[in-house]
**Q** 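One structure coming up, written as structure tokens, with questions to follow.
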Amino acid sequence: MDEMTFAVTTVVAALLSEASQDAYARARDILRRLIRREGRSDATALLERLDQHRAMVVQRSALDRGEAARSAAAEWAPTLKQLVRADPGAYAELRALVGTDRLDSVTYQHNHGSGTFINGNVEGGLTINHGTAHGRDI
């Protein structure tokens, strides 16, 4: 696998599996722009296939998601490679989305105390005392 194929495969795999919905939508817009600029008659079909791949990958379990994303990205590599050669700036935009955006997830979280823990935040179980500073000299 040449360096460019590896790079575009990595970017597509990350966008399909790790990007938030907002970042995925931005990446899809970049790809739509590239596809239309190339004048491809199959633009709608390509974007629908991209959406299908995204849905398939996101629905997988966390353990299977990476492999599914790599498989889908391997299918996309030739197309994306052709598109980004025509516009290296668009490829830089895609890489920037991958570098700054990830799906929110919490793994291996150990919680102590009362309340409900959601994505690292404690929801409920919080006591706030108003009006006095106990144990302090005022």
**Q** Check whether any side-chain heavy atom of V11 sits under 4.5 Å from a side-chain heavy atom of V84, and report yes or no.
**A** no
**Q** Output yes when R26 and D22 qualify as a salt bridge under the 4.0 Å nitrogen-oxygen rule, no when they do not.
**A** yes
**Q** Does any non-hydrogen side-chain atom of W76 lie less than 4.5 Å from one of T79?
**A** yes
**Q** If you measure from CD1 on I30 to CD1 on I35, what distance do you get to the nearest 0.5 Å?
**A** 12.0 Å
**Q** Can you sort out the partners of R49 under salt bridge (Lys or Arg N to Asp or Glu O under 4.0 Å), two or more places apart, ordered by chain and number?
**A** E75
**Q** For D64, enumerate each residue passing the salt bridge (Lys or Arg N to Asp or Glu O under 4.0 Å) test, keeping only those at least two apart in sequence or located in another chain.
**A** none
**Q** Give me the atom names and distance for the closest heavy-atom approach of L15 to A27.
**A** CD1-CB, 3.6 Å
**Q** Which value, rounded to the nearest 0.5 Å, describes the distance between D29 atom CG and L47 atom CG?
**A** 9.0 Å
**Q** Go through the structure and list residues passing side-chain hydrogen bond (donor to acceptor under 3.5 Å, both in side chains) with R37, not counting sequence neighbours.
**A** D87
**Q** So Q21 and R54, do their side chains get closer than 4.5 Å, heavy atoms only?
**A** yes
**Q** Holding to salt bridge (Lys or Arg N to Asp or Glu O under 4.0 Å), I want the full list of residues that pass it with R36, two or more places apart in sequence or in another chain.
**A** none
**Q** Do you know which two heavy atoms are closest between A73 and A13, and how far apart they sit?
**A** CB-N, 3.6 Å
**Q** Which atoms form the tightest heavy-atom contact between A74 and T9, and what is the distance?
**A** N-CG2, 4.1 Å
**Q** Could you tell me whether the side chain of L50 reaches within less than 4.5 Å of the side chain of L46, counting heavy atoms only?
**A** no
**Q** Locate the shortest heavy-atom distance separating A68 from M56; write the atom from each residue and the value.
**A** O-CE, 4.2 Å
**Q** Do S71 side-chain atoms and E67 backbone N/O form a donor-acceptor pair below 3.5 Å?
**A** no
**Q** Using salt bridge (Lys or Arg N to Asp or Glu O under 4.0 Å) as the criterion, list what pairs up with R60, not counting sequence neighbours.
**A** none
**Q** Please report the interatomic distance CG(D42) to CD(E48), rounded to the nearest 0.5 Å.
**A** 11.0 Å
**Q** Checking D51 now: which residues fulfil side-chain hydrogen bond (donor to acceptor under 3.5 Å, both in side chains) with it, not counting sequence neighbours?
**A** Y24, R28
**Q** Can you give me the closest heavy-atom contact between V58 and R65, atom names plus distance?
**A** O-NH2, 3.2 Å
**Q** Please determine if E38 and R85 form a salt bridge, counting it only when a charged side-chain N lies under 4.0 Å from a carboxylate O.
**A** no
**Q** Taking side-chain hydrogen bond (donor to acceptor under 3.5 Å, both in side chains) as the test, write out the residues that go with Q52, two or more places apart.
**A** none
**Q** Only counting residues at least two apart or in another chain, list the ones meeting side-chain hydrogen bond (donor to acceptor under 3.5 Å, both in side chains) with Q82.
**A** R40
